[in-house]
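Chain naming here is simple, since letters A, B, ... match the order of the sequence lines and numbering starts at 1 in each.
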There are 2 protein chains.
Amino acid sequence: MSQASGGPEIEQLIQLLSRLPGLGPRSGRRAVLHLIKKKEQLMIPLAAALDRAVAAVKVCETCGNIDTVSPCTICSDPRRGESGLLIVVEDVADLWALERAGIGAVRYHVLGGVLSPLDGIGPDDLSINQLVGRASDYKEIVIGVNATVEGQTTAHYITDRLADSGIAITRLAHGVPVGGELDYLDEGTLSQALKARTKF
Amino acid sequence: MSQASGGPEIEQLIQLLSRLPGLGPRSGRRAVLHLIKKKEQLMIPLAAALDRAVAAVKVCETCGNIDTVSPCTICSDPRRGESGLLIVVEDVADLWALERAGIGAVRYHVLGGVLSPLDGIGPDDLSINQLVGRASDYKEIVIGVNATVEGQTTAHYITDRLADSGIAITRLAHGVPVGGELDYLDEGTLSQALKARTKF
């Protein structure tokens with residue numbers, strides 16, 4: 001087994017790549033073979049890109065976004081402060097998804113997860129205190145955590161913490177996804193979509 | 001869109017990782033976020049492992065295996081020559097799969113693909129001439145190409161080229177996979193398994 005995959009350097013690369021989400025031992029091995037076959041076009045550029053990213057990546061000390069500067073480009077863009085909107089998300093991936101959707105000049109706050117007493121994750125493990133600290137700079141806090149049980153618990157906790165601040169607190173609308181078919185949607189979404197119906 | 005994912009260094013890393021087999025734009029982004037979250041445990045070791053592999057990886061000039069030396073550890077191990085068995089495979093992944101199976105001290109020959117006239121892949125695009133050149137050093141050539149139409153065409157072509165050499169040419173047995181259920185197997189495999197039945 002030891003030398004089965006061409007030397008310790010290759011074996012170690014397979015093991016590390018296998019730990020990426022979406023890859024396992026078998027696909028990690030396939031990925032390494034693919035890299036080696038495309039050494040000039042893919043492997044060397046990827047090695048260089050990783051080295052550059054390792055050196056450049058920073059977590060924004062204000063909002064928790066990942067960028068190459070801190071505060072991040074979103075937090076240091078004054079135009080984004082003018083909207084007065086602060087969207088609270090669980091994860092950087094959610095922030096990026098909203099940015100890709102082109103929702104406009106807003107700011108974000110990345111919680112770094114959701115409250116989950118069973119996993120021992122309390123308010124101090126998330127950036128909730130930092131959120132309370134910066135909330136007063138904004139007119140409206142939009143809760144954009146996922147619509148899971150833990151997400152909703154977290155949303156309620158944040159709402160409680162900000163209750164006395166006088167800042168408007170809203171949440172993203174539930175409803176039928178654009179392009180989605182009713183037949184494939186769960187009952188919770190459908191009943192929320194009916195309750196929140198709007199004029200045609 | 002341009003700054004949606006935190007700076008050009010991160011965007012470029014996402015694009016390169018998305019080109020690995022098994023990953024796409026979405027899972028590439030998830031992989032990069034995972035790397036950044038586990039910077040010390042995963043991202044930095046992966047960057048170092050890639051750099052080391054880029055410097056170390058060599059394609060064996062004898063058999064086509066990927067290793068850190070050429071001739072590879074398999075080709076330069078005299079014990080593996082004594083068996084007189086040379087297994088012909090399509091790809092390095094097949095070689096690694098046979099090695100993981102611990103099939104014993106044999107040598108290999110990696111074709112680098114299969115004959116595919118429709119894709120413009122002829123005998124000179126594979127390492128068939130090299131195979132004919134080294135075949136006389138072995139007692140038996142075991143054809144281990146995949147049981148696809150192109151694989152079988154390639155197997156027949158190799159058999160023709162080696163017909164006058166007097167070297168025994170065999171192929172891997174077809175049959176029921178160990179642990180496999182008959183109900184899930186195709187008719188071709190089942191009829192081959194019946195034809196090649198052995199004494200209990």
**Report entry** For chain B, which residues of residues 148-158 of chain A have heavy atoms nearer than 4.5 angstrom
**Finding:** none

Query raised in the report: Using non-hydrogen atoms and a limit below 4.5 Å, what part of residues 46-63 of chain A faces chain B?
Result: A:Leu46, A:Ala47, A:Ala49, A:Leu50, A:Asp51, A:Arg52, A:Ala53, A:Val54, A:Ala56, A:Val57

Report task. Can you tell which part of B:Gln41 gets under 4.5 Å to a heavy atom of chain A, answering side chain, backbone, both or neither? Result -> both

Query - Segment of A:Leu98 engaging chain B (4.5 angstrom heavy-atom cut-off) - result: neither

Requested in this report: Go through the steps for B:Leu20 and A:Leu42 under the test side chain to side chain contact (heavy atoms under 4.5 Å, CB included), then give the verdict.
Outcome: CA-CA 9 Å; B:Leu20 291 182; A:Leu42 189 54; 4.2 Å; yes

Path from [X] to [Y] over hydrophobic side-chain contacts below 4.5 Å:
X	Y	value
A:Tyr108	A:Tyr138	no
A:Val88	A:Leu95	no
A:Val142	A:Val114	no
B:Leu13	A:Ile66	yes
A:Ile167	A:Val89	no

**Report entry** Pairs meeting criterion salt bridge (charged side-chain N to carboxylate O under 4.0 Å, His left out) with involvement of residues 161-171 of chain A, two or more places apart
**Finding:** none

Query raised in the report: Based on non-hydrogen pairs under 4.5 Å, which of A:Asp91, A:Leu35, A:Val69, A:Leu33 is most in contact with chain B?
Result: A:Leu33

Query - Option in A:Pro21, A:Ala93, A:Ser27, A:Gly24 with maximal non-hydrogen atom pairs under 4.5 Å from chain B - result: A:Pro21

Query - Close approach to chain A in residues 122-131 of chain B, criterion heavy atom under 4.5 Å - result: none

Can you tell me which of [options] forms the most heavy-atom pairs within a distance under 4.5 Å of chain A?
options	answer
B:Arg19, B:Lys39, B:Lys38	B:Arg19
B:Ala101, B:Ala31, B:Gly22	B:Ala31
B:Lys37, B:Gln12, B:Met43	B:Met43

Requested in this report: Quick one: pull up CD in A:Glu11 and CH2 in B:Trp96 and give me the separation to the nearest 0.5 Å.
Outcome: 8.0 Å

Query raised in the report: So how far is it from A:Leu16 CG to B:Ile44 CD1, rounded to the nearest 0.5 Å?
Result: 12.0 Å

